[in-house]
Each structure stands twice: as structure tokens, then as C-alpha cells.
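Scroll down for the structure; my scribbles are underneath it.
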2 protein chains.
Amino acid sequence: MALDRKDLAILAELTTNARASHTELANKVGLSSTALARRQKALEDEGFIQAYQAALDLAQFGLTTTVLVRIALESQSDEALKAFEAEVVKCPSVVRCFLMSGTDDYILIVLARDIQDFERIHRTELSRLPRVARVQSSFALREVVNRAVPTVVFSEAKR
Amino acid sequence: MALDRKDLAILAELTTNARASHTELANKVGLSSTALARRQKALEDEGFIQAYQAALDLAQFGLTTTVLVRIALESQSDEALKAFEAEVVKCPSVVRCFLMSGTDDYILIVLARDIQDFERIHRTELSRLPRVARVQSSFALREVVNRAVPTVVFSEAKR
DNA sequence: CCAGGATGCGTGTCGGTGTGCCCAAGGAGA
DNA sequence: TCTCCTTGGGCACACCGACACGCATCCTGG
């Protein structure tokens, strides 16, 4: 299914205003509410829109510290990977975990209240992960870019 | 402002169903629609809820490849950082950029269609960034965890 | 015992949403 | 060239539901 620029405009708007009504969106995109409703439903049915979700201000919850954690395992056997992954998904402070190519096996993004809190997370969550050989942490001093969707998605205007 | 577990339940639900109605939420949380509306509005007004946004399935757009890029600058002068950051925010394929402590100055998360596409991005976006001394890329083989909100937020039950 | 905050119910109004229908444009085929 | 068909858009309408109020009630803490 090919998306034209009106579809992209709808998506761009919904990534900002997920609760916008049909008429509201229709005005911004330049369609009638009927046509917009059809397109929006199609975008949902075809899976372009996965969900509508509220974005929380994590700083309001005290989570102001982002830490990138590199983890190397003792072995890269299938069993070791499975054991590690089964546990890492349970870590409450981990928001992202990538299995990486290269020397580091996994890279995690961890959110903490501050450096002391990260020490606690390191002790109670990370150090309990199985099969870990080495853990290396780097603190993010600042977040320069934080986008849910790369802007390249909305600039691919077809039709 | 202290959040009780009903507030957290509301937030947890809204991070999944941002378009849920008051009555729908009220049933799940165990409140009347009136009480729920008041609480939800308070959560919005106090900034706990930043926005309601549609989550797009980036795989549907062909963006199946995640790359972590480490960038070291020629100098860490304030001017060099500013110049770099002013340009990196314009890169259409970059979704995240952290200023880091440690040896690497910046870590970017880049989304590409595939490895060939990343070569293009490297050529047209990354290599044009100013003051860059070294670029090192690692490909994510798999995404083990991807959460917008750490689960620790919802488990902090007070009151 | 009292006061304040939060809850729940009921109600009315407003708006969103879905449907049926018609219209316009474009393409295919005879 | 004419016609048929498809695709997408817009209009009108009706219905259901969401949302916002007012008020009574409850619970808790002082």
C-alpha cells in the first residue's frame, strides 16, 4: 500500500495529537471528515498505526538520568543468550535492550533517578543477570535528540 | 503531588490506550467516570502526561535496521558541541542523540531500511556533521526490550 | 464532632462517529 | 469516442456516547 502526502500528514498529526477528532484532523489535512475517517481507519487496519499511547514526562517521576550499559556475556551460546534475555526483560529500569553485532553483546538503556539510584539498579537488577562477563556503563549528560519517529518517514512524499 | 495506585493504573492504561474514554478507563481502574475525569485532567495539568501520540510501526515503513553510532569530536569546546548539535538535529534518520560522559562524545540511534541504506545515511547525513573526528557504527541484530516507560514507574505504589 | 477532600449518581447538552447516498475523476475496453 | 467501472471525496443525517456540571454521600484526619 502506497501512502500519499495526505496520509503522511495524518500520521504526522496523529503522532502529536493522538486524540484529535476526525473533523479536527480533516481541517489540518484538507479533507472532509468522512474521507479522513476512511483513511485513518485504513492506516490502523494496515498496521501503520500500532497504538495510541500517552507519553509520560519521565522527569516528573524523577527519572532524569539515562545510562547506556554495555554488557558482554561469558559465552554467545544460544542457551546463554536465551537465559540473559529472559531475565533482562524483567528488569524494571530497563527501557531498551539491543542484541548487538561487534564486541559488546548487548546494549541497554536504563533510566534512573540519579547516580546513586543507578548504583542501586546496578546492584539489584543488572548484577543479577545471568551469564554476564563484563558490564560497562556510560552516563548521558544530555539528550540532544529524542524522536519517536524519524523525520524521514514524513518526508517521503509519493503521489 | 503524590500519586496513588489508581493514578498509576490510569497512566498505565493510557500508555496503552490513549484514546480510551472516561467510562472505559473508569471500569478498568475501579472509579466512576466523574472521578476518573478529574484525575486524568489533573495528571494532564500537572504535566505527568505530556502528550497523546500515535505509535507508528516503523517496520511497515521499511525501517527495520537500528544502528548505534558512536561519534567523537575533534574538540570538546563549547563551540564544537554547539556546531555539532545544531546539525545533528537536522539529520532525518536520527531518532536519538545523547551527549555522553566517557570517551565517546555522542551516541546516536539511527534507523535505516537496511545496511545499504545505512551506507547512504552515513554518506549523506553523518559524514557531513561538523567537527567529527571518529565515527563508529554497531548494528542491532535484534531488539530485546523496547518500552516507552520503565515498568518501575507503575510499581511505585504509594498511599 | 466537624471540616475538607474525594467519590458517585443523575442529567443535559454537545460533539463525534458511522452510514447511506451521490458526485467527480480517471482508466480500461470495445 | 463512448461507456462502464473503479476509486476516492463530500454532504446530510441520525444515533450513540462522551463530557461537564450540580449535588448528595462517604471517609478520613484533626
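These numbers were taken from a predicted model, which means no experiment stands behind them. In what follows, every chain begins at residue 1, and chains take the letters A, B, ... in the order their sequences are listed.
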Specify the separation, in whole Å, of atom [atom1] of [X] and atom [atom2] of [N].
X	N	atom1	atom2	value
B:Leu31	C:dA6	CG	P	12 Å
A:Asp4	D:dG8	CG	P	10 Å
A:Lys6	D:dG9	NZ	P	7 Å
A:Leu25	C:dG16	CG	C1'	12 Å
B:Lys41	C:dA6	NZ	P	14 Å
B:Gln40	C:dT7	CD	C1'	17 Å
A:Asp7	D:dG9	CG	P	9 Å

**Prompt:** Are any of the side-chain nitrogens in A:Lys90 or A:Glu125 under 4.0 Å away from the carboxylate oxygens of its partner?
**Reply:** no
**Request:** Could you tell me whether B:Asp105 and B:Arg134 have a side-chain N and a carboxylate O separated by less than 4.0 Å?
**Result:**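 Here B:Asp105 does not pair with B:Arg134 in a salt bridge, since their nearest N and O are not under 4.0 Å apart.
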Please tabulate, one pair per line, each protein N/O and nucleotide N/O from nucleotides 25-29 of chain D that are separated by under 3.5 Å, including the distance.
none

**Message:** I need the full list of salt bridge (charged side-chain N to carboxylate O under 4.0 Å, His left out) pairs touching residues 48-66 of chain B, with sequence neighbours left out, sorted by first then second residue.
**Reply:**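 Matches after skipping sequence neighbours: none remain.
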**Item:** Pairs where residues 13-24 of chain A contributes a residue and the test salt bridge (charged side-chain N to carboxylate O under 4.0 Å, His left out) is met, not counting sequence neighbours
**Value:**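 Every salt bridge (charged side-chain N to carboxylate O under 4.0 Å, His left out) pair that includes a residue of residues 13-24 of chain A, provided the two are not neighbours, is A:Glu13-A:Lys28.
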**Message:** Test of understanding: with salt bridge (charged side-chain N to carboxylate O under 4.0 Å, His left out), list the residues that count as partners of A:Glu44, not counting sequence neighbours.
**Reply:**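 So A:Glu44 forms no salt bridge (charged side-chain N to carboxylate O under 4.0 Å, His left out) with any residue.
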**Message:** Would the distance check show the side chain of A:Asp4 and the main-chain N or O of A:Asp7 forming a donor-acceptor pair, the cut-off being under 3.5 Å?
**Reply:**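 Indeed, once roles are kept as given, a pair shorter than 3.5 Å links the two residues.
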**Request:** Between protein and nucleotides 17-24 of chain C, map the contacts as a letter string: B base, S sugar-phosphate only, - none, heavy atoms under 4.0 Å, written 5' to 3'.
**Result:** SSBB----
Table please: side-chain donor-acceptor pairs of residues 139-153 of chain A below 3.5 Å, with sequence neighbours left out.
residue: A:Arg142; atom: NH1; partner: B:Glu85; partner atom: OE1; Å: 2.9
residue: A:Arg142; atom: NH1; partner: B:Glu85; partner atom: OE2; Å: 3.4
residue: A:Arg142; atom: NH2; partner: B:Glu85; partner atom: OE2; Å: 2.9
residue: A:Glu143; atom: OE2; partner: A:Asn146; partner atom: ND2; Å: 2.8
residue: A:Glu143; atom: OE2; partner: B:Arg96; partner atom: NH2; Å: 3.4
residue: A:Asn146; atom: OD1; partner: B:Arg96; partner atom: NE; Å: 3.0
residue: A:Asn146; atom: OD1; partner: B:Arg96; partner atom: NH2; Å: 3.1
residue: A:Arg147; atom: NE; partner: B:Val94; partner atom: O; Å: 3.2
residue: A:Arg147; atom: NH2; partner: B:Val89; partner atom: O; Å: 3.3
residue: A:Arg147; atom: NH2; partner: B:Cys91; partner atom: O; Å: 3.1
residue: A:Arg147; atom: NH2; partner: B:Val94; partner atom: O; Å: 3.2
residue: A:Thr151; atom: OG1; partner: B:Pro92; partner atom: O; Å: 3.4

**Request:** Just do the ring-ring contact (aromatic ring centres under 6.0 Å, His included) check on B:Tyr52 and A:Tyr52 with the steps written out, would you?
**Result:** CA-CA 7 Å; B:Tyr52 298 98; A:Tyr52 297 97; over 10 Å; no
